[in-house]
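Quick caveat: nothing in here was measured; it's all calculated off a predicted structure. Ligands are counted one by one from 1 in listed order, and the atoms in each one are counted from 1 as well.
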Amino acid sequence: MKIETVKLHKLKMKMKTPFTTSFGTQIDRYITIVEVIDEDGLSGFGETVAGEDPLYSEEFMDSAVIATKKYFAPLLINKEINHPKEVTEIFKPFKRNNMAKSGIETAVWDLYAKQIGEPLYKVLGGKKAEVEVGISLGLEETDEAIIPKIEEKVNEGYKRIKVKIKPGRDIEYVRFIRKHFPDIPLMVDANSAYTLDDVETLKALDEFDLMMIEQPLGSTDIVDHATLQKQIKTPICLDESIDSYENAKAAIELGSCEIINVKIGRVGGLTESIKIHDLAKGNNIPLWCGGMLEAGVGRLTNIAITTLSNFTLPGDTASSSRYWDMDIITPEVVAKDGVVTVSEAPGIGAEVDFDKLNEYLIETDVITKNDQPQMVFFN
Ligand SMILES: O=C(O)CCC(=O)C1=CC=C[C@@H](O)[C@@H]1C(=O)O
Ligand SMILES: [Mg+2]
């Protein structure tokens with residue numbers, strides 16, 4: 001394939017309800033949809049999932065857009081690419097910027113799948129016709145306020161409920177939730193808000209029969225999580241700490257986690273996600289696919305990777321209507337009783353609906369073959 005043009009559609013999407021975690025509250029979501037267009041005018045789509053501010057990771061949407069415009073899009077334009085796996089190699093000299101890389105790399109996968117007329121999930125090696133999903137619920141102002149939210153989502157059939165915790169909103173908060181819902185599949189996500197000094201608090205969570213505790217310690221830590229896992233019964237699931245095959249390997253070898261949350265953007269794309277999948281599978285570490293408050297393109301890409309066999313736990317990819325009054329794809333993602341049916345249509349499996357996308361559009365940046373990588377170093 002040869003990519004002729006890359007378009008970055010920058011969107012501002014109003015969320016139905018604010019989403020609060022240990023690092024703050026989100027009301028609007030700024031999303032970039034990457035469109036790669038080949039010589040025949042066929043388009044592939046990917047979603048850049050970086051946060052608006054560098055709070056979840058060091059990347060943020062503006063940095064991802066700049067990195068894509070300066071480096072990643074010009075590096076791919078006009079290059080003969082036989083398979084999307086080559087993209088990771090082309091980007092390799094450029095350190096990190098994983099979400100920027102992933103936005104365009106996933107678009108190339110979608111384009112490739114469309115060119116060969118296959119659904120993306122099959123091209124990735126997935127086999128499931130449907131995937132089970134859970135939902136991630138943010139912190140509410142009071143403990144009481146989370147109860148009706150959980151009730152609603154349990155009634156909608158989501159296969160597990162994830163709630164956010166932070167220091168001061170942990171043991172009693174989870175006890176309160178468990179009092180109302182003694183048996184639901186429940187997990188907590190701390191977004192790296194604790195240290196080893198909090199080991200007693202984290203140990204106390206063992207009594208609540210949680211499926212897992214996600215990222216309790218530092219966002220780049222692997223070593224302290226191994227120390228912690230030896231002291232608590234609840235399985236640790238790593239999120240922020242896993243941003244490459246190499247540190248997934250380190251975490252598995254050190255015993256830093258019993259579960260891994262794969263976020264395609266965080267690890268730099270689908271090729272790296274598959275590598276981590278195969279590694280985890282060989283080590284009996286179950287996976288699930290984490291969300292980044294995606295619009296439809298990101299949701300569909302998440303569903304495609306979830307069809308791989310070792311994604312055995314329900315992920316974060318709820319219905320489009322979880323955050324959006326109107327998503328940018330047709331048809332939207334719908335979870336029925338916590339199950340999403342995987343589309344058999346070529347590529348990600350639904351159309352990007354430009355009538356809808358344009359409602360959210362701030363501007364579109366266009367990168368063409370006249371744009372060279374803006375590098376000081378060259379060879
Ligand atoms: O996509 C979703 O539904 C939300 C997933 C979610 O919990 C998160 C998304 C982005 C950053 C974090 O706040 C959090 C996470 O850490 O998993
Ligand atoms: Mg998380």
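For ligand 1, the polar-atom distance check against Arg299 finds no nitrogen or oxygen pair separated by under 3.5 Å. Any N or O atom pair closer than 3.5 Å counts here, and Leu293 shares at least one such pair with ligand 1. Remark: ligand 1 and Asp189 share an N or O pair separated by less than 3.5 Å (distance only, no angle test). Close N/O approach between Tyr323 and ligand 1 is found [any backbone or side-chain N/O within under 3.5 Å]. The shortest N/O to N/O separation between Lys263 and ligand 1 falls below 3.5 Å.
Tested against Asp243, the residues Arg266, Lys263, Arg96 include a single side-chain hydrogen bond (donor to acceptor under 3.5 Å, both in side chains) partner, Arg96.
Among protein heavy atoms, atom 9 (C) of ligand 1 sits closest to Gly291 O, 3.2 Å. Closest protein heavy atom to atom 14 (C) of ligand 1: Lys164 NZ, 2.9 Å. Among all protein heavy atoms, the one lying closest to atom 13 (O) of ligand 1 is Thr21 CG2, 3.2 Å. Shortest contact from atom 10 (C) of ligand 1 to any protein heavy atom: Met292 SD, 3.4 Å. For atom 6 (C) of ligand 1, the closest non-hydrogen atom on the protein side is Ser136 OG, 3.7 Å. The protein heavy-atom contact nearest to atom 11 (C) of ligand 1 is Tyr56 CD1, 3.7 Å. From the protein, the heavy atom lying nearest to atom 16 (O) of ligand 1 is Asn191 ND2, 2.6 Å.
Annotation: ring pair (Phe, Tyr, Trp, His ring centres under 6.0 Å) contacts of Phe311 (sequence neighbours excluded): His277.
With ligand atoms numbered from 1 in the order given, ligand 1 contributes 4 (C), 6 (C), 7 (O), 13 (O) to contacts under 4.0 Å with heavy atoms of Phe19. Interface of Asp239 with ligand 1, defined as ligand atoms under 4.0 Å from a residue heavy atom, comprises 15 (C), 16 (O), 17 (O).
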Report task. Applying side-chain contact (heavy atoms from CB on, under 4.5 Å), run through Arg169 and Asp143 and close with a yes or a no. Result -> CA-CA 8 Å; Arg169 295 287 292 283; Asp143 291 1; 2.9 Å; yes
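Residues Tyr121 and Thr306 are not in side-chain contact: their nearest non-hydrogen atoms beyond the backbone lie 4.5 Å or more apart. Within the 4.5 Å cutoff, no side-chain heavy atoms of Ile367 are placed close to those of Thr5.
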